[in-house]
Amino acid sequence: MDLQKSVIEALHTYFNDQRNDLDLTSMSGLSPTRKEFEGDYTLVVFPFLKWTGKSPEESAKMIGDYLVDSIDDIASFNVIKGFLNLELSTEFWTSALHKLLEKEKLDLAAKEEKILVEFSSPNTNKPLHLGHIRNILLGASTSSLLQAGGYQVINTQIINDRGIAVCKSMLAWQKFGNEATPSSSGQKGDHFVGHYYVLFENKFKEEYKEWQTKETASKVYQLQRKEGENEEAFFKRFKNEYFNTHSALGLEAKEMLQQWENNDTEVRALWSKMNQWVYDGFNSTYDKLGVYFDTLYYESDTYLLGKDMIQKGLAEKLFFQKDDGSTWIDLEDVGLDHKLVLRSDGTSVYMTQDIGTAELRFKDHGAKKMIYTVANEQDYHFKALFEICKKLNKPYAEGLYHLSYGMVDLPSGKMKSREGTVVDADDLIQEVIDEAKRNSLEREVQLEISEEAQNEIYRKVGLGALKYFILKINPKKRIVFDPKESVDMQGDTGPYIQNAYVRIKSVERRLKSQDLKAEDSYTAIEEVEKEILQLLLSYPLVLEEASSNYDPSEIAAYSYKLAKSYHKFYHDIRILKADTDAAKLFRLNLSSQVAKHLKHAFNILGIEMPEKM
RNA sequence: GGUCUCGUAGCUCAGCUGGAUAGAGCAGCUGACUUCUAAUCAGCAGGCCGCAGGUUCGAAUCCUGCCGGGAUCACCA
């Protein structure tokens, strides 16, 4: 069945007769013939000229003759310049469809290998926003993609549930919350807690502003200002230091953090309570997005990890200490800098924790491959982390991969919480669903189904639009997210592809009642049918390619191509009213295969298929 | 400044490890619903693939330099 393979084998035989030192592994293989030319698949013969010693045309002719002779599926060929266009036999197409029908699963062969995929990993002081949505969709779909690629996949995240930021919202709640709860205020837990984080920041800003009018402030300004720096610029720069040195609120927050680290019962209780509110909120968002985690890691459990490994490494001289007692690693030999791994007071930094967490995860799950879905602002950090793991000689060091993705910007520029331009995850999800509803109500088509079923469709279509819109873009590219475009439902969009599926389901329902006999075989295969079959046949390669690149956007692109071809087919070719039963059956089977592939592909993207829309 | 990354139609993006005249969608303009769901299809228009060199049968793709956007270079995470 694998035409690609038989052609390569045939070429091997053909050229080996003449040359023994031939290496065909580098040749490009077959590609679908472009529409403007005759033929089904094209072989570019330029690479062979050095073996044939003849002109491109002559060489192509020779090779074409040989292929027609030696491979039954190849019926004829034509040559244009160095391009050998092969035409396949009718039997090739019909048997290709038969073989697809016999295939039960579209997943690639199962591999023993385990992969751990980390994504989301939010802070617990504010709700999820558009940036998290990209992270979550990308991580979750990469996970599904690897599963389809045959790997055993474990979804995980590291939850940043501690630290000064978390204490800020705790403190604000304590001071100003009056014992309010999410349910008493009717707010989702993560939004509720986020509200107190913002409240803290505002109170802090007020405090800072007031302080600036005082004498101490002007003294500090006079003493520490840089050449030519005005007050405004200075105080902007000084904000962080103010928090640490002069601020009453800052002091309280830091004290709370200290108490937290000392396991203060009251603080810990408050912390657990508020974090639980946040988790309830996050979980509801995850549910809406249809993502799940197999195992969770909390920073509060892991932030002390890694120290021992640093100590051991220090003994082995992998790390070194500076005079102030801080511990570093020299990564200059791999093109990076010196990197801090322990503070001078012996406390750990982000890097320390990550080294420990990687080790812990390996012990827990034994996965030699781990993928970190984190935005590209941390490219440097992960490069350093991976190099350190290599130097520590970890068995998983080679299998670490940073799935780095571009930030999400708005047409108006960056999202800034200060300017209130952050797109909230829950709001966005609701908006796309509402838009799907509006859009559907404008149509004339009336589906005779319950309101509940109708709402399910709006949900699937709205989320389909959003997810596809984000996932179709190559991960490493920055996204300019135009909310208006994200709810588009025509053209290269999720709903367009869902619609192809829905059309097929409709055809299947109608043809089910017919008793089709297909004694005679279908021979007049249409161009567009071949095009669809070519796409279906290429699916395993696409899966392989996409999963080895950790790139769901390749799956999105494939889905679109397949749906587009199908829509054209659907428009141009009669299925129910085909001339013969054989034709009907062929087209029905072809359609069902398209549906199966689209559903599989969209499952990877985490997009559900409606049966009607 | 060093490192990384991106630059393709008005806008948003494809273009696989180099292959034929660079493709889609949106927006604009034309057409096609008594016929399997028009969330569809067909057509028109729109391009110095950032710029300049190089590698070769052949470059949007690989290499070098430059220009422009972004990220990063903390005892922050």
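By convention in this document, chain letters (A, B, ...) are assigned in the order of the sequence lines, proteins followed by strands, and residues within each chain are numbered from 1.
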Distances for protein N/O vs nucleotides 26-31 of chain B N/O pairs under 3.5 angstrom?
none

Practice task
Round to the nearest Å and state the distance from A:Phe469 atom CZ to B:U12 atom C1'.
Solution key: 7 Å
Practice task
Could you tell me the separation between the CD atom of A:Gln534 and the NZ atom of A:Lys561, rounded to the nearest 0.5 Å?
Solution key: 11.0 Å
Handout entry: Base of B:A20 paired with side chain of A:Asn85 (donor-acceptor, under 3.5 Å)
Key = yes
Exercise for the section: Counting Watson-Crick and G-U wobble pairs only, both distances under 3.5 Å, name the nucleotide matched with B:A32, or none. Expected result: B:U40
Exercise for the section: Sequence neighbours left out, what passes salt bridge (Lys or Arg N to Asp or Glu O under 4.0 Å) with A:Asp492? Give chain and number order. Expected result: A:Lys472
Exercise for the section: Please work out which of the three classes, parallel, tilted or perpendicular, describes the rings of A:Trp271 and A:Trp260, given edges at 30° and 60°. Expected result: perpendicular
Exercise for the section: Please list, chain by chain and in numerical order, all residues satisfying ring-ring contact (aromatic ring centres under 6.0 Å, His included) with A:Tyr501, sequence neighbours excluded. Expected result: none
Handout entry: Between B:G50 and B:C29 - C1' atom distance, rounded Å
Key = 30 Å
Practice task
Using the P atoms only, state how far B:G2 lies from B:C66, rounded to an integer number of Å.
Solution key: 9 Å
For residues 340-348 of chain A, which side-chain donor-acceptor pairs fall under 3.5 Å, sequence neighbours excluded?
| unit_1 | atom_1 | unit_2 | atom_2 | d |
| --- | --- | --- | --- | --- |
| A:Arg343 | NH1 | A:Thr347 | OG1 | 3.0 |
| A:Arg343 | NH1 | A:Ser348 | O | 3.2 |
| A:Asp345 | OD1 | A:Thr347 | N | 3.0 |
| A:Asp345 | OD1 | A:Thr347 | OG1 | 2.6 |
| A:Ser348 | OG | A:Tyr303 | O | 2.7 |

Strictly under 3.5 Å: I want the nitrogen or oxygen pairs between protein and nucleotides 55-61 of chain B, one per line.
none

Distances for protein N/O vs nucleotides 32-36 of chain B N/O pairs under 3.5 angstrom?
| unit_1 | atom_1 | unit_2 | atom_2 | d |
| --- | --- | --- | --- | --- |
| B:U35 | O2' | A:Lys577 | NZ | 3.1 |
| B:U35 | O2 | A:Arg574 | NH1 | 3.4 |
| B:C36 | O3' | A:Arg510 | NE | 3.1 |
| B:C36 | O2 | A:Leu576 | N | 2.9 |
| B:C36 | N3 | A:Ile575 | N | 3.2 |
| B:C36 | N4 | A:Tyr570 | O | 2.3 |
| B:C36 | N4 | A:Ile573 | O | 2.5 |
| B:C36 | N4 | A:Arg574 | NH2 | 2.9 |

